[in-house]
Amino acid sequence: MCIRDRFEDNAEYGFGMRLAVDANRKLLAASIEAVLAAGTTPALADALAKMKAAWKDTGGEAKAAAAAVRAALPGALKSADGVKPHLAKIDELKDFLVEKSVWSFGGDGWAYDIGYGGLDHVLATNRNVNVLVLDTEVYSNTGGQASKATPTGSVAKFAASGKKTTKKDLGRMAMTYGYVYVAAVAMGANMNQCIKAFQEAEAYNGPSIIIAYAPCINHGIDMKKTQAEEKLAVDTGYWILYRYNPLLALEGKNPLQLDSREPKLAYGDFLKNEVRYRTLTQQYPEIAKELFARAAEEAKRRYAVYKKMAE
């Protein structure tokens, strides 16, 4: 189940869907217990027992058990007596036999800025809701205004002479709860790390947030080369790859895994590749020199902090 709103309510809608799924599955579980206790046809009893064993799973075993329950229900309903209301409830809620995955999609303007309060509240509830943030570092849908996701020195609407403040570290803020799965990915830089992050977030029985670097037309790049741009962002230290898995802490391990290596290219190699930074050099060269030096230092410090946290 995926929820994608333009600005404000992605996480809240996802949270509402999670509550609805949990409530329906609670009713379904009670009806299954009642039918098993009272007795039913051998075929349905066997299918329901297997369904109980795979109750928290979403894989092939759970799907096979759910299919067996659906196949056995009509025959059981015909021969039912006292348990017919419970069988009817199972039939009504059979779409909830397999645990559902809930994902909320949104951009950085929503997640970092206008909808952050709702996002933070949903993550704090410790319910099984997954969030994917497509981070373009600017309000892309409304013309490219600067937001809290916009990095130091980037040119955008309301930041014509370069943004003067540091980008908000949304991932590190989410980590402070200790029970939220957090990952930063860039598919073009490391596809395996990206896939692994989605697999871990999906498997984690709690809130998760994946922040994905997303090149945008507002960056002033060749959009046919977005994957290469993501790789350049990571190779220069502009973007960091990591995964924070609370389950590792339960095993006595460090929950943070830094998946980026030390930058192998100069930070400026990334900046000069994008119009949003080159424009500042052309129009305000002195400001650009100051802001880009500060941005490079911030990136260096950010990597050092994550490296220390992961050690």
Side-chain angles (χ1 to χ4, degrees), residues 1-22 58 95 98-145 147-150 167-175 177 179-219 223 226-227 229-230 233 239-245:
M1 304 174 73
C2 296
I3 297 88
R4 200 280 189 199
D5 192 18
R6 189 168 185 181
F7 261 147
E8 297 179 35
D9 304 322
N10 310 34
E12 293 93 324
Y13 272 107
F15 183 58
M17 296 301 289
R18 179 77 265 166
L19 293 180
V21 168
D22 289 349
T58 58
D95 287 344
V98 179
E99 170 68 300
K100 293 189 181 296
S101 172
V102 178
W103 283 86
S104 294
F105 293 179
D108 54 274
W110 154 68
Y112 284 75
D113 216 334
I114 194 170
Y116 173 71
L119 170 64
D120 178 62
H121 177 74
V122 170
L123 294 178
T125 60
N126 200 17
R127 302 297 287 265
N128 192 12
V129 178
N130 305 297
V131 177
L132 173 62
V133 180
L134 302 173
D135 192 348
T136 67
E137 302 187 318
V138 72
Y139 273 104
S140 301
N141 283 338
T142 56
Q145 295 92 340
S147 76
K148 293 184 181 72
T150 305
K167 175 174 178 158
K168 181 179 186 176
D169 195 339
L170 181 62
R172 189 141 60 108
M173 293 170 74
M175 288 180 209
Y177 284 112
Y179 53 78
V180 178
Y181 179 92
V182 188
V185 304
M187 186 170 65
N190 190 330
M191 187 181 295
N192 289 335
Q193 187 263 355
C194 182
I195 293 172
K196 189 176 292 185
F198 276 94
Q199 290 174 331
E200 290 175 349
E202 177 65 30
Y204 182 63
N205 186 25
S208 71
I209 179 169
I210 295 178
I211 306 168
Y213 184 63
C216 170
I217 196 169
N218 283 292
H219 297 173
M223 293 301 289
T226 57
Q227 298 295 289
E229 195 69 7
E230 291 182 21
W239 186 266
I240 295 177
L241 306 178
Y242 61 79
R243 288 167 295 130
Y244 178 92
N245 192 341

Please list, chain by chain and in numerical order, all residues satisfying salt bridge (Lys or Arg N to Asp or Glu O under 4.0 Å) with K148, sequence neighbours excluded. D113
Considering residues at least two apart in sequence or located in another chain, which fulfil the side-chain hydrogen bond (donor to acceptor under 3.5 Å, both in side chains) criterion with E230? none
If the condition is side-chain hydrogen bond (donor to acceptor under 3.5 Å, both in side chains), which residues does D169 pass it with, not counting sequence neighbours? R172, Y306
So how far is it from N126 CG to Y177 OH, rounded to the nearest 0.5 Å? 11.0 Å
Can you sort out the partners of Y179 under side-chain hydrogen bond (donor to acceptor under 3.5 Å, both in side chains), two or more places apart, ordered by chain and number? none
Distance from C194 atom SG to I210 atom CD1, nearest 0.5 Å? 7.0 Å
Results of side-chain contact (heavy atoms from CB on, under 4.5 Å) for N205 - residues two or more places apart only: N128
When rounded to the nearest 0.5 angstrom, what is the spacing between CD in E229 and SG in C216? 11.5 Å
Within this structure, what is the CZ-CG distance for the pair F105 and N130, rounded to the nearest 0.5 Å? 9.0 Å
When rounded to the nearest 0.5 angstrom, what distance separates OG1 in T150 from OH in Y139? 9.0 Å
Of all heavy-atom pairs between I240 and A184, which one has the smallest distance, and what is that distance? O-CB, 3.3 Å
Roughly how far, to the nearest 0.5 Å, is CG of N10 from CH2 of W110? 4.5 Å
Would a distance-only check, ignoring hydrogens and angles, find a side-chain to backbone donor-acceptor pair under 3.5 Å from K168 to S147? no
Do Y112 and D135 meet the criterion of a side-chain donor-acceptor pair at a distance under 3.5 Å? yes
Residues in salt bridge (Lys or Arg N to Asp or Glu O under 4.0 Å) with D22, at least two apart? R18, R127
Closest approach of N218 and S140, non-hydrogen atoms and distance? ND2-CA, 3.7 Å
Quick one: list whatever passes side-chain contact (heavy atoms from CB on, under 4.5 Å) with E12, sequence neighbours left out. D9
If I compare all heavy atoms of V122 with all of T125, which pair ends up nearest, and what's the gap? O-OG1, 2.6 Å
G14 to V129 - nearest heavy-atom pair and separation: O-CG2, 4.2 Å
Step through the shown structure and confirm whether more than 12 heavy atoms of other residues, nucleotides or ligands are within 6.0 Å of CD1 on I217. no
For D108, check salt bridge (Lys or Arg N to Asp or Glu O under 4.0 Å) against everything at least two apart and list the hits. none
Under the rule for ring-ring contact (aromatic ring centres under 6.0 Å, His included), what residues qualify as partners of Y213, not counting sequence neighbours? W239
Under the side-chain contact (heavy atoms from CB on, under 4.5 Å) rule, collect the residues that match up with A214, sequence neighbours excluded. L134, T136
By side-chain contact (heavy atoms from CB on, under 4.5 Å) - contacts of V182 (at least two apart): A174, M175, V180, I209, Y242, Y244
Scanning both residues in full, the closest heavy-atom pair of A11 with L119 reads CB-CA, 3.8 Å
Test of understanding: with side-chain hydrogen bond (donor to acceptor under 3.5 Å, both in side chains), list the residues that count as partners of E202, not counting sequence neighbours. S101, W103
